[in-house]
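As the structure is a prediction and not an experimental result, all values here were calculated from the model.
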Amino acid sequence: MKVLILEDEPIHAKYLTKLLNSISEFPIDEIFHATSLEMAYSYYRQLTINIFFLDLTIFGSDGFQFLDQFPNETTKTIVVSANIDIAIRAFEYGVIDFLAKPVTEERLRLALERYSLRSETSLKETKNRNYVKSRLLQVDIDKLESRLSELMEVKKVYQNEELTLETLAEKLELHPRQLSEFLNGIKQTSFNSFLHSYRIKEAKELLIKYPEMKVSDVCFEVGYKSLSSFYEAFKKEQKTTTSEFRQKTLTT
């Protein structure tokens, strides 16, 4: 079993490594330590990682960027963070567990047990691939693409701040797992990233078209519940703030 720890503070990485090695019922072959997102990307491209321990604040970078880059890796990811306020967001990505710092041996053991349970479930699904694939084989992909585009681009359902994977799947007359498999497997994106892309796209249009419109009004118009969530999503998507974006577009 190969483990990757993404942590920019060596003392925390060393402590977690020590705890992992002390839990004998979960034998680990190698533990790798990345101190940046770029280093973590490199490890994932070169190695087969079984468990990924992800810190969400890496020298100012957002650890969620990794999950956006590798949406299929959430099933082997355990988030480790002192910021428990973002635990819900982490679970929305589909991670195995969320460990609050400082991590205890007992809590780590529970997370590893959850990993084992999920791995067993995944193995059973892999052995029954025909069944798994049938979830999408029963779906008219072209029709799904068309219907999804209508909902997002014409009806703009993303403006509903309560929109979830489940409610969108219901509108498409799909099981949530079918929609998730479609987004992850065919669109190569997570539900959260898919949703943000539409919201930020319209936000950009509104910021340019209506320079007098308050940023807060733009935020709620496109479906965000709070300004902080909007600012975070916008900066992640555009690599700039809303005010900087608006200023740049108005002066060009």
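Annotation: the span from Glu113 atom CD to Leu108 atom CG amounts to 10.0 Å, rounded to 0.5 Å. Distance check, rounded to the nearest 0.5 Å: NZ of Lys14 to CD1 of Ile31 gives 13.0 Å. Here Thr167 contributes atom OG1 and Leu165 contributes atom CG; the two are 8.0 Å apart, rounded to the nearest 0.5 Å. Residue Lys171 holds its NZ atom at 11.0 Å from CE of Met152, rounded to the nearest 0.5 Å. A distance of 7.5 Å separates CG of Leu112 from CE of Met1, quoted to the nearest 0.5 Å. Interatomic distance, Glu166 CD to Leu179 CG, rounded to the nearest 0.5 Å: 9.0 Å.
Counting heavy atoms from C-beta outward, Lys235 and Thr240 have side chains that stay 4.5 Å or more apart. Taking 4.5 Å as the limit, some side-chain heavy atom of Leu168 sits within range of a side-chain heavy atom of Leu148. Side chains of Thr241 and Tyr231 form no contact here, defined as non-hydrogen atoms less than 4.5 Å apart. Looking only at side-chain heavy atoms (C-beta outward), Glu73 and Lys76 come within less than 4.5 Å of each other. Proximity of Gln159 to Glu202: side-chain heavy atoms (C-beta onward) are separated by under 4.5 Å at one or more points.
The side chain to side chain contact (heavy atoms under 4.5 Å, CB included) check on Phe91 picks up Val95, Asp97, Phe98, with sequence neighbours excluded. Considering only residues two or more places apart in sequence or on other chains, Tyr198 meets the ring pair (Phe, Tyr, Trp, His ring centres under 6.0 Å) condition with Tyr158, Phe194. Under the side chain to side chain contact (heavy atoms under 4.5 Å, CB included) criterion, Phe220 pairs with Ser216, not counting sequence neighbours. In this structure Ser197 satisfies the side chain to side chain contact (heavy atoms under 4.5 Å, CB included) test together with Glu237, sequence neighbours excluded. Phe191 meets the ring pair (Phe, Tyr, Trp, His ring centres under 6.0 Å) test with no other residue; sequence neighbours excluded. Residues satisfying the ring pair (Phe, Tyr, Trp, His ring centres under 6.0 Å) test with Phe53, not counting sequence neighbours, are none. Take Lys187 and apply the side chain to side chain donor-acceptor pair (under 3.5 Å) test, not counting sequence neighbours, and it matches Glu145. Under the side chain to side chain contact (heavy atoms under 4.5 Å, CB included) criterion, Lys204 pairs with Ile200, Phe234, Gln238, Phe245, not counting sequence neighbours.
Shown here for Leu54 and Thr77, the closest heavy-atom pair between the two residues is CB-CG2, 4.0 Å. Contact detail for Arg114 and Arg107: the closest heavy-atom pair is NH1-NH2, 3.5 Å. Heavy atoms only, all atoms of each residue included: Leu99 and Ala111 are closest at CD2-CB, 3.9 Å. Closest non-hydrogen pair, Ser81 versus Asp55, comes out as CA-OD1, 4.2 Å. Across Ala34 and Ala40, no two heavy atoms sit closer than the pair CB-N, 3.8 Å. The two residues Phe64 and Ala90 come nearest to each other via the heavy atoms CE2-CA, 3.8 Å.
With ring centers used as reference points, Phe52 lies 6.0 Å or more from Phe70.
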What donor-acceptor contacts under 3.5 angstrom involve side-chain atoms of residues 205-214, with partners at least two apart or in another chain?
none

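Looking only at distances, a side-chain donor or acceptor of Ser22 sits under 3.5 Å from a matching main-chain atom of Leu19. The backbone N or O of Ser190 sits nowhere less than 3.5 Å from a side-chain atom of Ser193 that would complete a donor-acceptor pair. For the pair Asn50 (side chain) and Lys2 (backbone), a donor-acceptor distance under 3.5 Å is present.
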*asked:* Determine whether Glu105 and Arg109 satisfy the following criterion, salt bridge (Lys or Arg N to Asp or Glu O under 4.0 Å), listing intermediate values before the conclusion.
replied: CA-CA 6 Å; Glu105 181 177 336; Arg109 192 185 300 274; 2.7 Å; yes

### Message
For Leu144 and Leu174: C-alpha separation, side-chain torsions, deciding distance, then whether side-chain contact (heavy atoms from CB on, under 4.5 Å) applies.
### Response
CA-CA 9 Å; Leu144 172 56; Leu174 294 175; 3.6 Å; yes

Tell me, with the steps shown, if Phe66 and Tyr44 meet ring pair (Phe, Tyr, Trp, His ring centres under 6.0 Å). CA-CA 10 Å; Phe66 183 94; Tyr44 256 91; 5.0 Å; yes

Q.
Set out, in order, the CA-CA distance, both residues' side-chain angles and the distance that settles side-chain contact (heavy atoms from CB on, under 4.5 Å) for Leu56 and Asn83, then state yes or no.
A. CA-CA 9 Å; Leu56 295 176; Asn83 186 1; over 6 Å; no

Exercise for the section: Check the pair Tyr43 / Leu6 against side-chain contact (heavy atoms from CB on, under 4.5 Å), numbers first and verdict last. Expected result: CA-CA 10 Å; Tyr43 274 124; Leu6 175 53; over 6 Å; no

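The local environment of NZ in Lys236 is crowded, with over 12 non-hydrogen atoms from other residues, nucleotides or ligands closer than 6.0 Å. Taking a 6.0 Å sphere around CD of Glu173, one finds it holds 12 or fewer heavy atoms contributed by other residues, nucleotides or ligands. Remark: Gln69 CD is packed, more than 12 non-hydrogen atoms of other residues, nucleotides or ligands lying under 6.0 Å away. Residue-environment remark: CD (Glu106) stays at or below the threshold of 12 foreign heavy atoms within 6.0 Å. Shown here is Leu110, whose CG atom has more than 12 heavy atoms of other residues, nucleotides or ligands within 6.0 Å.
Note on residues 164-185: no pairs pass ring-ring contact (aromatic ring centres under 6.0 Å, His included), not counting sequence neighbours. Sorted by first and then second residue, the pairs that involve residues 87-96 and meet side-chain hydrogen bond (donor to acceptor under 3.5 Å, both in side chains), not counting sequence neighbours, are Asp68-Tyr93, Arg89-Glu232. The stretch residues 27-42 participates, sequence neighbours left out, in these side-chain hydrogen bond (donor to acceptor under 3.5 Å, both in side chains) pairs: Ser42-Gln46.
No path of Ile, Leu, Val, Met, Phe, Trp and Tyr side chains, each step under 4.5 Å between heavy atoms, connects Ile86 with Ile78, placing them in separate hydrophobic clusters. Linking ILVMFWY residues whenever their side-chain heavy atoms come closer than 4.5 Å, directly or via other members, leaves Leu47 and Leu20 in distinct clusters. Note on Val139 and Leu151: same hydrophobic cluster, where clusters join Ile, Leu, Val, Met, Phe, Trp and Tyr whose side-chain heavy atoms are under 4.5 Å apart, directly or indirectly. The cluster map of Ile, Leu, Val, Met, Phe, Trp and Tyr, joined by side-chain heavy atoms under 4.5 Å apart, puts Leu4 and Val103 in different clusters. No chain of hydrophobic side-chain contacts below 4.5 Å, direct or via other Ile, Leu, Val, Met, Phe, Trp or Tyr residues, connects Tyr224 to Leu163.
Ion pairing between a basic and an acidic side chain is recognised when a charged N comes within 4.0 Å of a carboxylate O; Lys101 and Glu9 show no such pairing.
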